[in-house]
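I have placed the structure first, in the form of structure tokens, so that the comments after it can refer back to it.
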Amino acid sequence: MTFAARVLDNLDRQGDRIALRFEDRSVRFAALRDEAEHWRRFLDELEVAPGERVAFLLESSPALVALHLGNLLAGRISVPLNPRATAGELARMLEVARPALVVVGGASEAALREALARSQCGAHLLEERFLSAAFSAGGRSAATSRPLIGPDDPAMIVFTSGSTGLPKGATLSQRNLLAGIEALEIAWSLHADDHLQLCLPLFHVHGLGLGIHGMAAVGHAVTLTRGFDPEATLAALSARPDGPSLFYGVPTIYHRLVRCAPDGLKLPLRLAVSGSAPLAAELHQAARRRLGIDILERYGMSETLMLASNPLMGERRAGTVGLPLPGVELSIVDADGVELAEGEEGEIRVRGANVFSGYWGDDIASRSAFDDQGRFRTGDLGRIEADSGHLVISGRAKELIISGGFNVHPREVEEVLLELPGVRECAVVGLPDDDLGECVTAFVVPDPGFDRALVDQVLRERLSGYKRPRRIELVSDLPRNAMGKIQRHLLGEVER
Ligand code: MLC
């Protein structure tokens, strides 16, 4: 079965029930079904063929959801892009994905036009304001036929930050998307009567692959918001009757909810899940005390969707990400790929129907992502707790910063800094931060021409907000080992 077939079946079955609530609007499953049908005919008319990429840079809205599902049901490859990415970032993603069509909201249009000109990828551009016409009147000409979609057909490309500073497009197939949501359906007992409050961005697998795909495939309702506001979220989560039963967040979101919760609050949620970044044991406890919820921590990534989860029933162990999800084969290996015993620390490698097959248009990165047994190298270090079988993530083999649930590769930020006059050397690290988990921090060895205002301006022009260093420390030297390699773990302790 494909994800598309499951979604189509579900949209038909749920028909008149409400799929989405957004501000003062509600959208029924039947309407999503009709919009997807019109969207397919619209793509046919534009001669965007099955297998071609359709990208979008949109703020969260029902139109984004209808467009994404329409792509998946029409066999076009959906490419969600960060609507606040800079023109340079977008140009690189467009060069990789080579979409035939890009749909853009007003606020992102200037950056997209610049990116299209720079990348010369030749995509059609469709402004968001014309979407409703495409959804209702699209394909007024004779009905076109639905393409045959196979389980291995690529369904979606999700961009992750690459270790060379260039973005990599993780390509998820129809089979991956289906396996991803069906594992959660079992593990978390997702069902059509659930109601999810969703404030996560919809250009990553957390918001889109869990939240929206759960609605589309399982049939639960989603109340979607434009972004995250702690007070409004607490009010929505407290609402009864018909309030949400589910909430998905990153630790930063739970941290902010805890901070502004009134005394004595007990949120009436069936399930509150945290992922995308490590949940500190103290935050887990604070959420019990201040929000009245026992957060369930899970582990996943763009390339694999969800991998492990604490149990729905039974003990949720703070500091662990729980047990492998159904269908996920998880190993802890040493540097030679040899499987280690329980309790021993090594790299986490995974196999399963949820695991992607490679990065779009990048054979070298795709090959090196897997070992000779076909296991994906997650780049995370972990161990299996001997008594419980729970997975503990103990570190990262790759130099990755996770800020508020967004991944930032230090090299991408360093490359921008190093091009600037007055920056002799630099190193970017994530320093511990109560709110963001890790705070992107740049250590710069300046030359006489160093100009702080120029640095700020260029960082703003070149990098999305979450990648920009919150702190820039000027230092006389960077700590190095005998081989001359920068010792990142010592930064933060260097003398200024
Ligand atoms: C926003 N800003 C951040 C930031 N988010 N800075 C550092 N780290 C972050 N995570 C910056 C903005 O650029 C802006 O800067 C300022 O903060 C305010 O912006 P905002 O939009 O009002 O931000 P806010 O609402 O505070 O965002 C916080 C947040 C958000 C936690 C809600 O970061 C978020 O939605 N995180 C979720 C990320 C996510 O979904 N990850 C899933 C990846 S998939 P300025 O300078 O412009 O004012 C994955 C797999 C898996 O990892 O397993 O889930």
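Just follow the structure's listing: the first ligand is 1, and inside any ligand the first atom is 1.
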From [atom], is the closest protein heavy-atom distance below 4.0 Å?
| atom | result |
| --- | --- |
| atom 20 (P) of ligand 1 | no |
| atom 48 (O) of ligand 1 | no |
| atom 45 (P) of ligand 1 | yes |
| atom 4 (C) of ligand 1 | yes |
| atom 29 (C) of ligand 1 | no |

Which residue and non-hydrogen atom of the protein lie closest to [atom], and at what distance in Å?
| atom | value |
| --- | --- |
| atom 32 (C) of ligand 1 | F228 CB, 3.8 Å |
| atom 51 (C) of ligand 1 | R298 NH1, 3.3 Å |
| atom 13 (O) of ligand 1 | G465 CA, 3.1 Å |
| atom 37 (C) of ligand 1 | G404 O, 3.5 Å |
| atom 42 (C) of ligand 1 | S276 OG, 3.4 Å |
| atom 8 (N) of ligand 1 | S403 OG, 2.6 Å |

Side chain, backbone, both or neither: which applies to [X] and ligand 1 if a contact is any heavy-atom pair less than 4.0 Å apart?
| X | value |
| --- | --- |
| M301 | backbone |
| V440 | neither |
| R256 | side chain |

Answer yes or no: does atom CZ of R377 have more than 12 heavy-atom neighbours from other residues, nucleotides or ligands under 6.0 Å?
yes
Return yes when atom CG of D434 has more than 12 non-hydrogen atoms of other residues, nucleotides or ligands closer than 6.0 Å, and no otherwise.
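Not buried by this count: 12 neighbours or fewer within 6.0 Å.
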Taking the side chain from S245 and the backbone from H195, do they hold a donor-acceptor pair closer than 3.5 Å?
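Between the backbone of H195 and the side chain of S245 there is a qualifying donor-acceptor contact (under 3.5 Å).
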Has the side chain of N176 got a donor or acceptor atom that lies under 3.5 Å from a matching backbone atom of A353?
yes
Salt bridge check, E59 against R226: does any charged N sit closer than 4.0 Å to a carboxylate O?
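Salt bridge flag = no for E59 with R226.
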Are any of the N/O atoms on F406, whether in the backbone or the side chain, positioned under 3.5 angstrom from an N/O atom of ligand 1?
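Such a contact does not occur with ligand 1.
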Proximal atoms of ligand 1 relative to [X] (non-hydrogen, under 4.0 Å):
| X | answer |
| --- | --- |
| T252 | 31 (C) |
| G405 | 38 (C), 39 (C), 41 (N), 42 (C), 43 (C) |
| V205 | 44 (S), 50 (C) |
| P201 | 35 (O), 37 (C), 40 (O) |
| R84 | 21 (O) |
| R468 | 45 (P), 46 (O), 47 (O) |
| R470 | 2 (N), 3 (C), 6 (N), 7 (C), 11 (C), 17 (O) |

Decide salt bridge (charged side-chain N to carboxylate O under 4.0 Å, His left out) for E89 and R118; before the verdict, give the C-alpha distance in whole Å, the side-chain angles of both, and the deciding distance to 0.1 Å.
CA-CA 11 Å; E89 291 169 331; R118 277 202 219 174; over 6 Å; no
Strictly under 4.0 Å, does any heavy atom of G227 approach an atom of ligand 1?
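Per 4.0 Å heavy-atom rule, G227 does not contact ligand 1.
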Between F159 and W360 (judged by ring centroids, cut-off 6.0 Å), do the two rings come close enough to count as a pair?
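No.
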